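Given the structure is predicted, the values throughout are model-derived calculations rather than measurements. All values below come from the heavy atoms of this structure, side chains included, with hydrogens, waters and symmetry mates left out. Within every chain, numbering begins at 1; the chains are lettered A, B, ... in the order of the sequence lines, protein sequences first and strands thereafter.
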Amino acid sequence: MSDAAPAETTRLPFSAARIPDDVFAAMRRENLARWPTGAEVDLDEAVDFHKSLPAHKNLSAVMRKADAEGRCLTQPRGGFGTLELQLELMRALDRDGLADIVPTTTDSYTRNEQWERAEAGIAESEKAGRSMLNGFPLVFYGPRTARRLIEAVDKPAIVLSGTSMPRLTGEVGFAAGFSGYLGSGLAYTTSYTKTLSIEDGIRNYQYLDRLTALYRERGVELHRRQPGFLTGTNIPPCIAIVTAIVDALLAAGQGVRNYGLELAQTLHLVQDAAAIRACRELVQEYLTKAGYADAFTPVTSLHWMGAWPYDDAQAAALVAYGGTLAAVGGAISVTTKSTHEAYGIPTPEANAEALRTTRMAIYLARRIRIDDMPEFRREKELIGREVRPIVDRVLEMGDGDVAVGTIRACEAGVLDIPWSPNRQMKSRVLPARDADGYLRILQPGDMPFPKDVLEYHEERLRERAARDGVAFGRELAVSSVYEMSETLEKLIPAG
Amino acid sequence: MSDAAPAETTRLPFSAARIPDDVFAAMRRENLARWPTGAEVDLDEAVDFHKSLPAHKNLSAVMRKADAEGRCLTQPRGGFGTLELQLELMRALDRDGLADIVPTTTDSYTRNEQWERAEAGIAESEKAGRSMLNGFPLVFYGPRTARRLIEAVDKPAIVLSGTSMPRLTGEVGFAAGFSGYLGSGLAYTTSYTKTLSIEDGIRNYQYLDRLTALYRERGVELHRRQPGFLTGTNIPPCIAIVTAIVDALLAAGQGVRNYGLELAQTLHLVQDAAAIRACRELVQEYLTKAGYADAFTPVTSLHWMGAWPYDDAQAAALVAYGGTLAAVGGAISVTTKSTHEAYGIPTPEANAEALRTTRMAIYLARRIRIDDMPEFRREKELIGREVRPIVDRVLEMGDGDVAVGTIRACEAGVLDIPWSPNRQMKSRVLPARDADGYLRILQPGDMPFPKDVLEYHEERLRERAARDGVAFGRELAVSSVYEMSETLEKLIPAG
Amino acid sequence: MSAQATGPARGRKLITGVIGADTHIVGSRILSMALEEAGFEIVALGAITPAEDFVKAAIETAADGIMVSSLYGQGELDCRGFRDLFIEAGLEDMLIYVGGNLVVGKQDWTDVERRFLEMGFDRAFPPNTRADQVIEVLNADFAVRSAGRRIAE
Amino acid sequence: MSAQATGPARGRKLITGVIGADTHIVGSRILSMALEEAGFEIVALGAITPAEDFVKAAIETAADGIMVSSLYGQGELDCRGFRDLFIEAGLEDMLIYVGGNLVVGKQDWTDVERRFLEMGFDRAFPPNTRADQVIEVLNADFAVRSAGRRIAE
Ligand code: B12
Ligand code: B12
């Protein structure tokens, strides 16, 4: 396994400041030397290649166009353990799924920079005749080989690599011709690692963001994206948006100006629509305050990220509703799951079918918007009152430096996320669903939500506890984790 | 083939008046003599049987309970050509589909009172080992045998028999223990027959409604239901509601007080919700004016009734959205279709899956209502302004008798429906979808819609014509018939 | 612009109608409209048309072809002996198509097609057939008919 | 009220954790909470736990059983040789369960189960396993262990 954190020579004092050119050049040399395919990365060649691509294969341009046209694009997830399988998958998602954006999900060894294990996984996959890895070992194949994926499909491609260690995967992905990369320092470190420090996670993404800016300086606009879904487990909009703001400020600090914001669906029509609007506005508000008024921050809505039902027919409703929620909410794209979700990585067929179901749902949503609904307004305003006190406190704690503030806030529990595997997070904040299906804060931990806001959440949750006849407490949170995976007999008992 | 219209001896002057007891007794004798199983109908025994059923097997009671609890029940369609197949189907819909209401759809020969042909169809089905009929030959089997269907499933059962000749099917169905019957004189005669006169169709349903009232007099409340979907082909809410009001007044005249109203989904979130609310309110308004303030008139929303997509994945989105629309609109039940719709009568499995997908969509809709939206209010108010002038004119034309007014109004084109197969209907009214996905009136024919309303419809449709670059005319209506069956490549071309 | 009748197909007279107790009129009506616009002459019998009425209309109007619709699933029963009626009436060479949802349920199309061809239909069309496709086939079939063949390959 | 540890199972010490590079902590955490409430003693190793750490913790805490979670699909690679590590450490009789989404993709469960039993796990649990079911099986297995058998039928 290679070192996750940058070597000492290039380790700057930790801050949100832009990494200076010379230091970054040294960092890149060190980074690219960590695995043989790093040597294949040639920035000049990569820039030329990106410039040679038509606008419809550049994710930044495609997101901007969709935003201008009021469209909601579809994007699946998808990664298999060998180049052949991955080529076939991406072609199927394009051809049979009509995906507007094609993905390459990396395998979990690659995510953890265990490239030798990934290599072994390829061999095992070839031996077994099926993928033994849960994604594509992008770094092992390297940029030259991975470019075949870009050439195979006439759509923009994005790297999906849920990791806090994106430095080499990012270099390889961009050099291969991927024009999008999902991941961020705060969001992924708190939800994808156990022992990595938040600081190192942020540093790693500062590298990636700085790399994105380097391409930008060379005239290539790439799309960076923040994964606000975190642990995917009942994340209320406010918590997702707080992390979105922090990560967006960090990215902007490195020079990123095309920064997507992902929001996991709560599966509530009003809460999701309010969240999508609030997210973009609040991120813009803080970016503008910080002097980055020129950043483009489209919102992507994600199909339900928690536990799925074990019945395909039930799951189909989540797939379709996922399209409805994204489109009605005004998201610029939706990231899809499939009816196989509760069981395992979907076959290309199941993946493509879910894309089509979602696309039809988007069509059916027409131009419907619910922004005029009083309930929508109430929720949107509520999100603002939840988010601002936390973000303001984070900025305060950093004495103006958002990177520093973030670390301190995590330590203090001011920034917190539910169900975190990371040992440095308090993970005391706990969400649950209220009687109307809204995700609310059951336990705030040490997050400084205003008192009246918390009272409101508690009142709504007490209503649910009373309805369900359970005690007001942790059980509400646990049953909310299971909820969507329950059988219909349990969810809607016969009259 | 037996006679469709009642014999002369019992032919009263045509009016909306309640059929007198003695005449009705004579009518029943004549009717039951038309086919051997008619002799099995024993009203006293049937009344006792209905009284012996628990409330949860009585559709009237079940609809009232759902209304009180704010639930949206699920009900499939389903009929196969032999008793064995029908038993198996109903059990599957109950057990695997969790249907709240189980159906028996009759075959098209039975609907047209061609009972010998139905008999032959049973034999053919047995020979072929698969159903050669598109439904269950209820009259051929008769009430005693059909009761096995009622006994097989612990849910309320409804007869679905799209016909203008329900007299014997109704007798057999109610005597067997079915507690619901779908169909009505105006709606079905205009959409299911070619040469039958509207008058005879209404007379036939007056018989059925009078029979329902007879059970009521004996203490058994049965659920009658109006099929507002008509030809299922882009029926705008106003036209469905006009027929609902007329048919409800006719039924109430015979003594029916539990009268469901079906509305085909337009597949527009706002238009459907507005239609569901407006339908119940307007029917109540006219019933109350006519002195029937005590009628219960719950609304049932129907999965898309027009042409379906030929791709299962696309169809799944229509299934799921159908649940969403019904629940958000506040319908008391939803009648489902399946992913097989474009091809043929679904297998029990496909039928059950669609029920589960729909049920999950209903769950996901939570308690969401959009009645506060300005757009909802505008649409609902618009429907009122469309419906009242037509209904008022119909009543006027009958000099106070809705039955007489209906015939005159159909002749004059004041009452009209799109795509009617019936030669007596002008069928000059033509709907099309506007740029926002609302169904609008493209050509009003001779229906007396207010001028400003028609101007509004035209303006909206011209917007669509401009967007699609087609002439403002019939092509808008034809392409609206195909719309939902188009491929996704056509509906949402790649960016 | 949509497909047009060409060559020997131009001006041909076609009977349309929905057979049996079947009330699905929309497809037959839209097909009739499209065929008329394409340059065929159309005699539309509408919904719920007994088999015999197609023969009667064919004789009365000296039609060149018959477009039978069946949507409701019972076409497999209704269409038996349809060709025989034409043979009995001395119209054994009549061009007869059938289209719609011809059988009950979602069945394998090649199998369904075979059944209807065996019943004597010249062609059977699956669900999701559009008027343009039908016009092209009509053009081809009327073209080979002048050469004495029954239908085009 | 939910299932409880009974008989010889009461108070047993169980190690929980998510093996390999797998970060899915929710299932393991909820399972740990439920087992604790049921009367087991729990040592939770959390997400991303190398196989060796399970052995180390078992020795250090003198555990009675191991509850390996694997959700992310690569469990089939991560779990190879897991039993051998315990045998090498002299803990050949350790009760070892594995549960989650054990392989990549939606595969036939009986086949997947066989593979994991062959790897040496005493039991493998499919997706959609709830804590109550696990507790019942633990009760049964600890019960037969006092009788010298490995696991209950
Ligand atoms: C939430 C979630 C996430 C969250 C996890 C948050 C966190 N830190 O825990 C996030 C978003 C971070 C995530 C990430 C990823 N995920 Co994920 N995730 C899920 C999801 C939707 C729900 C899992 C969950 O929490 N369920 C609720 C809990 C309560 O149930 P449970 O985990 O199943 O555990 C129960 C039982 O299984 C059992 N059990 C569990 N362990 C054990 C052990 C024993 C001994 C026993 C007896 C029982 C038992 O008891 C538990 C309690 O009832 C599942 C799919 C699903 N189930 O719907 C996918 C899923 C597990 N994820 C998957 C994948 C592939 C990933 C990623 C690689 C991302 C990707 N595809 O791009 C990354 C992995 C990152 C990494 N390095 O590990 C796949 C695994 C595929 C496969 N096996 O073929 C799944 C199945 C989705 C899919 N179909 O593709 N994921
Ligand atoms: C609208 C509709 C109705 C309307 C019909 C209104 C009317 N008067 O026309 C209503 C609601 C009244 C109705 C009633 C019934 N229907 Co209906 N209906 C439909 C639906 C949803 C759309 C049909 C339609 O109009 N399509 C649009 C037109 C433009 O397309 P089309 O009809 O397919 O015709 C095109 C082609 O097929 C082709 N074509 C048609 N005819 C011919 C002929 C030739 C020679 C050629 C070359 C081509 C050709 O060209 C046409 C133009 O492109 C279909 C399912 C679907 N397709 O989604 C079911 C469907 C046809 N109905 C069906 C059934 C069973 C019924 C009922 C028995 C009700 C029931 N199940 O409870 C009753 C029948 C009543 C009766 N006695 O006939 C079934 C038939 C089942 C089967 N074959 O296995 C279907 C397939 C639904 C299903 N999956 O169960 N129905």
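Atom-to-atom distance recorded for A:Ile362:CD1 and A:Asp100:CG is 7.5 Å, nearest 0.5 angstrom.
Using a 4.5 Å cut-off between heavy atoms, B:Pro156 does not touch chain A at all. Contact of B:Glu483 with chain A is made through the side chain alone, with heavy-atom distances under 4.5 Å. Neither the backbone nor the side chain of A:Glu69 comes within less than 4.5 Å of any heavy atom in chain B. For chain B, the nearby part of A:Arg369 is the backbone; its heavy atoms alone come within less than 4.5 Å. Both the backbone and the side chain of B:Leu491 come within contact range of chain A, judged by heavy atoms closer than 4.5 Å. With a 4.5 Å cut-off on non-hydrogen atoms, B:Asp311 touches chain A through its side chain but not through its backbone. With a 4.5 Å cut-off on non-hydrogen atoms, B:Asp436 touches chain A through its backbone and its side chain both. At a 4.5 Å heavy-atom cutoff, the contact between B:Tyr321 and chain A is made by side-chain atoms alone. With a 4.5 Å cut-off on non-hydrogen atoms, A:Ala435 touches chain B through its backbone and its side chain both. B:Ala354 does not touch chain A: none of its heavy atoms, backbone or side chain, sits under 4.5 Å away. Only the side chain of B:Arg71 comes within contact range of chain A, with heavy atoms under 4.5 Å apart.
Using a 4.0 Å cut-off between charged nitrogen and carboxylate oxygen, A:Glu379 and A:Arg440 count as a salt-bridge pair. With respect to A:Glu381 and A:Arg277, no salt bridge is recorded, no charged nitrogen being found less than 4.0 Å from a carboxylate O. A salt bridge links A:Lys155 with A:Asp94; the closest basic N to acidic carboxylate O contact falls under 4.0 Å.
Note on A:Asp372, A:Ile368, A:Leu364: by heavy-atom pairs under 4.5 Å with chain B, the leading option is A:Leu364. Per-residue heavy-atom pair counts under 4.5 Å with chain A were compared for B:Ala494, B:Ala361, B:Ala317, and the maximum is reached by B:Ala317. Ranked by non-hydrogen atom pairs under 4.5 Å with chain A, the options B:Lys65, B:Glu375, B:His268 are led by B:His268. With chain B as the partner, the residue from A:Arg359, A:Gln314, A:Glu353 showing the most heavy-atom pairs under 4.5 Å is A:Arg359.
Side-chain atoms of A:Ser480 come within 3.5 Å of backbone atoms of A:Arg433 as a donor-acceptor pair (strictly under, hydrogens ignored). Checking side-chain atoms of B:Arg356 against main-chain N and O of B:Asp96 turns up a donor-acceptor pair under 3.5 Å.
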Determine, stepwise, if the pair A:Leu93 / A:Leu355 fulfils side-chain contact (heavy atoms from CB on, under 4.5 Å). CA-CA 8 Å; A:Leu93 296 174; A:Leu355 277 162; 3.9 Å; yes
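Shown here for A:Pro298 and A:Met63, the closest heavy-atom pair between the two residues is CG-CE, 3.8 Å. Among all heavy-atom pairs drawn from A:Leu269 and A:Leu325, the shortest one is CA-CD2, 3.4 Å.
Residues B:Ile332 and B:Val299 have side chains not in contact (no heavy-atom distance under 4.5 Å, counting atoms from C-beta outward).
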